[in-house]
S.K.: 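Pasting a structure below so you can have a look.
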Amino acid sequence: MNAVAQLQTRLQQALVAAFGPEFADTDPLLAATNNPKFGDYQANVAMSLAKKLGKQPRQVAQEVIDRLEVAEWFETPEIAGPGFINLRFKTDYLQASLQAMQADDRLGIAPTQTPQRVIVDFSSPNIAKEMHVGHLRSTIIGDCIARILEFQGHDVLRLNHVGDWGTQFGMLITYLREVAPAALTQADAIDLGDLVAFYKKAKARFDEDEAFQQAAREEVVKLQSGAEETLRAWKLLCDQSRREFQVIYDLLDIQLEERGESFYNPYLPAVVADLKTTGLLVEDQGAQCVFTEGFTNKEGQPLPLIIQKSDGGFNYATTDLAAIRYRIGTDGAQRIIYVTDAGQSNHFAQVFQVARKAGWIPETVEVVHVPFGLVQGEDGKRLKTRSGDTVRLRDLLDEAVERFRANLDAKIAEEKNREETEEFKAQVSEIVGISAVKYADLSQNRTSNYIFSYDKMLADKGNTAPYMLYAYARVQSISRKGDIDFSALTAQLQLQKESELILAKHLLQLEDVIAQVGEDLYPNRLCQYLFELSQKFNTFYDACPVLKAEEPLKTSRLVLCDLTARSLKLGLSLLGIPVLERM
RNA sequence: GGGCCCUUAGCUCAGUGGAUAGAGCAACCGCCUUCUAAGCGGUCGGUCACAGGUUCGAAUCCUGUAGGGCCCGCCA
C-alpha cells in the first residue's frame with residue numbers, strides 16, 4: 001500500500017481516536033495541494049466537522065493531528081489557514097520509493113487486483129467508404145483506452161464494429177448492378193475511391209427516386225436472407241474495404257478485431273422475440289418499437305426505438321441490442337465501452353435503457369458510452385477540404401508528416417555541422433507527424449469539439465508531441481554522451497535541489513494518473529501528466545548538471561533521468577505514441 | 001418543442017466541493033566558451049456567460065436565463 005493510501009487510513013483512525021467510533025466512516029477529505037508551499041497533501045476534514053462538533057476548525061485539526069501517526073512517510077503535519085491539515089513527504093521516503101520504482105519493469109505500477117473482461121468498441125468505419133476525419137477520434141481515443149486497460153492487466157477485446165450491413169448496401173449494390181456490374185463479381189474491378197463516388201451517387205438516387213429506393217430495400221432483404229449473388233457481391237466489397245482500412249491501421253499502429261454489424265445478423269430475430277415476450281414491444285405505424293422514457297420528438301410525442309422496420313428489416317438499434325446480449329452472454333464482458341461521437345448519445349441512452357428494461361444488463365456489468373466532440377477546422381466549422389469535401393484520413397496523416405518534414409529540414413539546415421541521412425529524416429518525420437495528430441486529439445478533453453490545427457500540433461513548444469519526444473531524446477542524449485547504461489545503475493538517491501524534489505514527486509504520481517484514466521476514460525489527464533513531467537524534467541535539466549556532477553550525486557541524477565525517460569516512454573506508449581532516441 | 005454537450009486570459013485549452021483560478025500560444029524582458037536553446041527563467045493578461053440557491057467553503061453541485069453546437073421513426 002502506498003503512502004497516500006496509508007495516510008487515508010491513518011486519518012480515519014485518528015478521527016475515531018479523537019471523536020469516537022461514529023466517525024469511522026467520515027471521509028478525511030484528502031487531496032493533493034495546488035501549491036507546494038502547503039506541502040504535498042491536505043486533509044480538509046476539520047472545516048467540515050467543526051459545526052457538527054461545536055468546535056473551532058483549527059482546534060478540530062489539532063485534535064486530529066495529535067492522534068495521527070504518519071511519521072514513516074510525512075513530516076510533522078501543520079495546520080494552516082482556516083483549518084487545513086498540510087502534509088509534506090519526507091525526502092527519505094521519496095528516495096526509497098524512487099529506488100523501488102527504478103528496480104521495477106513496470107515502474108512500480110502493479111497490475112490490477114480485479115482484472116475484468118472489457119470490450120472496447122471503437123473506430124468502426126463503414127464498408128465501401130474511405131476512412132475519413134470522422135473516424136479519427138474514435139480510432140485514436142479508443143486505442144488509447146484499450147492500451148491503458150491492457151496495461152492495467154484487464155482482458156481487453158478490441159472490437160471494430162464496422163458498418164458492413166444495412167440499407168447502404170442495398171443502395172450500393174442496386175446502383176452497381178446498373179453502372180458497374182463487374183464490381184459485384186470480381187475483386188478490385190473498381191478502386192475504393194470510385195466506390196465512394198458510386199456510393200454518393202447511389203445515395204442521391206435513393207433520396208429522389210422512389211423505384212430505386214424500393215429496389216434497394218429489396219436488395220437489403222435479399223442480403224439479409226442470404227441470397228447467394230447479393231451475398232457474394234457484399235463479400236467482395238467488404239474485402240476490398242478491409243484492405244484499405246488496414247493500411248490506415250498499420251500507419252497508426254492500431255490492433256483491432258473486426259466484428260461488423262453483419263456478425264449479429266443471426267441473433268436479431270431473438271432480440272425481437274424476447275422483447276415481445278417481455279411486453280416492451282409495441283407496433284407503431286407498422287414498425288416494431290419500444291418506447292423509451294425521457295425522449296420525445298419535435299411534436300412532443302414519445303420517441304420509440306425502432307427494433308424492426310415496417311418492411312421487416314432490422315436497423316442499427318436491433319444490432320446494438322443483439323451485440324450487448326452477445327458481448328455479455330458469450331464474450332463474458334464485464335465492462336463494455338463504446339467510443340463514438342457525442343451525436344450518438346441519444347441513441348446509446350435509448351439502447352441501454354431498453355436493454356436494462358429487458359433485463360439484459362446484469363448489475364455486475366458496466367455499459368458505457370464514451371462520447372467525443374466534433375473535429376473542426378480553424379474556422380470553427382466541421383473540418384472540410386478546400387473544395388468542401390470530407391477529409392480523407394490518409395490525406396490528413398500524410399499532410400501532418402509532410403509538414404513536419406519541412407520543419408525538420410529547416411531545423412537541420414539551421415544547425416551548424418548537422419547532417420542527417422534521408423532514412424533518419426523520413427523516419428523521424430513519420431513518427432512525429434503521426435504522433436502529433438494523435439497527441440493533439442488525446443490532449444483535449446474529449447467531450448468538447450476540437451479545432452484541428454497542423455501548426456499547433458506540430459509546434460515544438462507547448463503541450464505537443466514534439467515537445468514530449470524532445471524531452472525523451474534529451475535523456476537519451478545524456479546516456480550516449482556519458483556512455484551510460486541506465487539499466488545498470490545502483491545508487492542511494494540524493495534529492496538536494498528543489499527541481500530534483502519537484503521532479504521526484506511528479507514521477508511518483510504516474511501510478512495514480514493511470515488508475516484514474518482507467519476509471520474515468522479521459523486520456524487528456526495522462527497527456528497533462530506527461531506534459532508536466534516533461535516541463536519538470538527540462539527545469540531539472542537546466543538547473544542540475546548530470547554528467548558533470550560528483551558522485552554519488554551524478555548517479556542519483558542519472559536515476560532521475562532514467563525514471564523520467566521510462567515514464568515518458570510508458571505514458572506515451574499508452575497513448576499509442578512511440579519514442580525516438582534522437583531527433 | 002424535447003434531449004445531450006458547451007460558454008474560464010487576445011487565441012487554443014486545463015481545472016468533475018477547498019487556500020491568491022492554471023498551462024500553452026501570442027506580446028515583452030533576460031539566459032547558449034557548460035549534458036540537444038525543439039530548452040529554461042521572468043513580465044503582461046481573467047466580473048470563470050448571467051441571476052439566484054445549497055455549503056464553513058462554488059469555475060465545480062442545484063434551479064432559472066441568454067448565446068453556441070449536436071441529435072430527435074424506420075441511415076449509422
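Protein chains get the first letters and strands the later ones, always in sequence-line order, with residue 1 at the start of each.
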S.K.: Let's test your reading of the model: under 3.5 Å, does the base of rG18(B) pair with the side chain of Asn44(A) as donor and acceptor?
M.R.: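 Under the 3.5 Å cut-off, the side chain and the base do form a donor-acceptor pair.
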S.K.: Could you check whether Asn346(A) gets within reach of a base, just the sugar-phosphate, or nothing at all, counting any heavy atom under 4.0 Å?
M.R.: base
S.K.: Asp341(A) and Arg137(A): salt bridge (charged side-chain N to carboxylate O under 4.0 Å, His left out), yes or no, with the steps?
M.R.: CA-CA 8 Å; Asp341(A) 68 275; Arg137(A) 302 202 78 184; over 6 Å; no
S.K.: Over all strands shown, is Leu580(A) touching base, sugar-phosphate only, or nothing at heavy-atom distances under 4.0 angstrom?
M.R.: nothing
S.K.: What integer distance in Å separates Gln344(A):CD from rG3(B):P?
M.R.: 21 Å
S.K.: Of the options rC56(B), rU36(B), rU16(B), whose atoms approach the side-chain atoms of Tyr522(A) most closely?
M.R.: rU16(B)
S.K.: Rounding to a whole Å, what distance do you find between Asp542(A):CG and rG30(B):P?
M.R.: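 Answer to the nearest Å: 18 Å.
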S.K.: Rounded to whole angstrom, note down the P distance from rC56(B) over to rU47(B).
M.R.: 29 Å
S.K.: Consider the side chain of Ser48(A), meaning its heavy atoms from C-beta on, and name the nucleotide among rU16(B), rA14(B), rC56(B) that approaches it most closely.
M.R.: rC56(B)
S.K.: Measure OH/Tyr541(A) against C1'/rU34(B) and give the value in whole Å, please.
M.R.: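 Taking OH of Tyr541(A) and C1' of rU34(B), I get 10 Å after rounding.
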S.K.: Nearest to the side chain of Phe38(A), heavy atoms from C-beta on, is which of rC56(B), rA19(B), rA38(B)?
M.R.: rA19(B)
S.K.: Kindly state whether the ring of Tyr338(A) and the ring of His161(A) have centres lying under 6.0 angstrom apart.
M.R.: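 No, the ring centres sit 6.0 Å or more apart.
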S.K.: Given Leu223(A) and Trp165(A), is the side-chain contact (heavy atoms from CB on, under 4.5 Å) satisfied, shown in steps?
M.R.: CA-CA 9 Å; Leu223(A) 183 63; Trp165(A) 206 247; 3.5 Å; yes
S.K.: How far apart are the C-alpha atoms of Lys425(A) and Glu419(A), what are their side-chain angles, what is the distance that settles it, and do they pass the salt bridge (charged side-chain N to carboxylate O under 4.0 Å, His left out) test?
M.R.: CA-CA 10 Å; Lys425(A) 289 187 278 194; Glu419(A) 294 277 337; over 6 Å; no
S.K.: Distance between the C1' atoms of rC48(B) and rU60(B), in whole angstroms?
M.R.: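 Here rC48(B) and rU60(B) have their C1' atoms 10 Å from each other.
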S.K.: Can you tell me how the ring of His506(A) sits relative to the ring of Tyr529(A), calling it parallel under 30°, perpendicular over 60° and tilted otherwise?
M.R.: parallel
S.K.: Answer with base, sugar-phosphate or nothing: what part of the nucleic acid does Leu469(A) contact at a heavy-atom distance below 4.0 Å?
M.R.: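 No contact.
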S.K.: Once you round it to whole Å, what is the distance between P of rC72(B) and CG of Asp341(A)?
M.R.: 11 Å
S.K.: Under 4.0 Å, heavy atoms only, any strand: does Leu303(A) hit a base, just the sugar-phosphate, or nothing?
M.R.: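 Touches sugar-phosphate only.
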S.K.: For atom C1', what is the distance between rU7(B) and rG73(B), given to the nearest Å?
M.R.: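 Comparing C1' positions in rU7(B) and rG73(B) gives a spacing of 33 Å.
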S.K.: Within the 4.0 Å heavy-atom criterion, would you say Thr340(A) contacts the bases, only the backbone, or no part of the nucleic acid?
M.R.: nothing
S.K.: Without decimals, in angstroms, what is the distance between Asp455(A) CG and rA26(B) P?
M.R.: 11 Å
S.K.: Has Phe84(A) got its ring stacked on rG18(B), by the test of a centre gap below 5.5 Å and a plane angle below 30°?
M.R.: no
S.K.: Please name the residue in the list Leu136(A), Val133(A), Leu374(A) that meets the side chain to side chain contact (heavy atoms under 4.5 Å, CB included) test with Phe452(A).
M.R.: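 Per the side chain to side chain contact (heavy atoms under 4.5 Å, CB included) rule, the option paired with Phe452(A) is Leu136(A), out of Leu136(A), Val133(A), Leu374(A).
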S.K.: Base, sugar-phosphate, or nothing for Lys554(A), non-hydrogen atoms under 4.0 angstrom?
M.R.: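 No contact.
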S.K.: Less than 3.5 Å between a donor and an acceptor, one on the side chain of Asp460(A) and one on the base of rA37(B), is that the case here?
M.R.: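 No.
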S.K.: Report yes if a side-chain nitrogen or oxygen of Arg217(A) is closer than 4.0 Å to either non-bridging phosphate oxygen (OP1 or OP2) of rC75(B); otherwise report no.
M.R.: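 For Arg217(A), the contact criterion (side-chain N or O under 4.0 Å from OP1 or OP2 of rC75(B)) is met.
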S.K.: Determine the contact category for Thr447(A): base if any of its heavy atoms lies under 4.0 Å from a base atom, sugar-phosphate if only primed atoms, P, OP1 or OP2 are that close, otherwise nothing.
M.R.: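 Sugar-phosphate: the residue Thr447(A), judged by heavy atoms under 4.0 Å, touches backbone atoms but no base.
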S.K.: Taking the minimum atom-to-atom distance to the side chain of Gln444(A), which one of rA14(B), rA19(B), rU20(B) wins?
M.R.: rA14(B)
S.K.: Considering only atom C1', compute the distance from rG67(B) to rC50(B) and round it to an integer number of Å.
M.R.: 11 Å
S.K.: How far does the P atom of rC11(B) sit from the matching atom of rC72(B), given to the nearest Å?
M.R.: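 Nearest-Å result for rC11(B) against rC72(B) at atom P: 32 Å.
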S.K.: Which nucleotide sits closest to the side chain of Asp520(A): rA23(B), rU16(B), rG69(B)?
M.R.: rU16(B)
S.K.: With the threshold set at 4.0 Å, does a side-chain nitrogen-carboxylate oxygen contact exist between Asp441(A) and Arg446(A)?
M.R.: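 Between Arg446(A) and Asp441(A) there is no salt bridge, as every charged N stays at least 4.0 Å from the carboxylate O atoms.
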S.K.: Suppose we call a contact any N or O donor and acceptor under 3.5 Å apart; does that hold for the side chain of Lys411(A) and the base of rU36(B)?
M.R.: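 Answer is no: no donor-acceptor pair is held.
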S.K.: Donor-acceptor pair under 3.5 Å: do we get one between Gln42(A)'s side chain and the base of rA19(B)?
M.R.: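 Checked by distance alone, the answer is yes.
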S.K.: Taking the same atom, P, in rG10(B) and in rG45(B), what whole-Å distance lies between them?
M.R.: 11 Å
S.K.: Give a yes/no on whether any side-chain N or O of Lys461(A) is located under 4.0 angstrom from OP1 or OP2 of rG24(B).
M.R.: no
S.K.: Rounded to the nearest 0.5 Å, how far does CZ of Arg403(A) lie from OG of Ser429(A)?
M.R.: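 The CZ atom of Arg403(A) is 14.0 Å from OG of Ser429(A), to the nearest 0.5 Å.
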S.K.: Please give the nucleotide sitting opposite rA27(B) as a Watson-Crick or G-U wobble pair, both distances under 3.5 Å, or none.
M.R.: rU43(B)
S.K.: Between Leu374(A) and Arg418(A), which has a closest nucleotide on RNA chain B that is more 5'?
M.R.: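 Upstream on the strand: Arg418(A).
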S.K.: What is the distance, rounded to the nearest whole Å, between atom OH of Tyr439(A) and atom P of rC13(B)?
M.R.: 15 Å
S.K.: Is Gln535(A) close enough to rG24(B) that one of its side-chain N or O atoms is under 4.0 Å from OP1 or OP2 there?
M.R.: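 Yes, such a contact exists.
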S.K.: Mind checking who rC13(B) pairs with, Watson-Crick or G-U wobble, both distances under 3.5 Å?
M.R.: rG22(B)
S.K.: Tell me the closest heavy-atom pair linking Pro466(A) and Asp460(A), and the distance in Å.
M.R.: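 In terms of heavy atoms, the two residues are closest at CB-CA, 4.1 Å.
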S.K.: For rA37(B) versus rG30(B), give the span between their C1' atoms, rounded off to a whole number of Å.
M.R.: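 My reading of the C1' atoms in rA37(B) and rG30(B) gives 14 Å.
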S.K.: Just to confirm, is there a sub-4.0 Å distance from OP1 or OP2 of rA37(B) to any side-chain nitrogen or oxygen of Arg474(A)?
M.R.: yes
S.K.: Take the protein atom OH of Tyr470(A) and the nucleotide atom C1' of rC40(B), then report the distance between them rounded to whole Å.
M.R.: 11 Å
S.K.: Could you state the atom-to-atom distance from CG of Asn538(A) to P of rA23(B) in whole Å?
M.R.: 16 Å
S.K.: From the list rU12(B), rC35(B), rG18(B), which nucleotide is the closest neighbour of the side chain of Met47(A)?
M.R.: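 So the side chain of Met47(A) is nearest to rG18(B).
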S.K.: Provide the distance between the two C1' atoms, one in rC25(B) and one in rA9(B), to the nearest whole Å.
M.R.: 12 Å
S.K.: Please determine if a side-chain N or O atom of Thr464(A) lies less than 4.0 Å away from the OP1 or OP2 oxygen of rC25(B).
M.R.: no
S.K.: For Asp311(A), answer base if it contacts any base atom (sugar-phosphate contacts may also be present), sugar-phosphate if it contacts only those atoms, and nothing otherwise; contact means non-hydrogen atoms under 4.0 Å.
M.R.: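 No contact.
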S.K.: Classify the nucleic acid contact of Ala287(A) as base, sugar-phosphate or nothing, counting any heavy atom under 4.0 Å across all strands shown.
M.R.: base
S.K.: rG39(B), OP1 or OP2 - any side-chain N/O from Thr539(A) closer than 4.0 Å?
M.R.: no
S.K.: Could you tell me whether the phosphate oxygens of rA21(B), OP1 or OP2, come under 4.0 Å of any side-chain nitrogen or oxygen in Asn34(A)?
M.R.: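 False: Asn34(A) side-chain N/O out of range (4.0 Å or more) of rA21(B) OP1/OP2.
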S.K.: Under 4.0 Å between a side-chain nitrogen and a carboxylate oxygen: does that hold for Arg582(A) and Glu420(A)?
M.R.: yes
S.K.: What nucleotide among rA14(B), rG73(B), rU36(B) has an atom nearest to a side-chain atom of Lys481(A)?
M.R.: rU36(B)
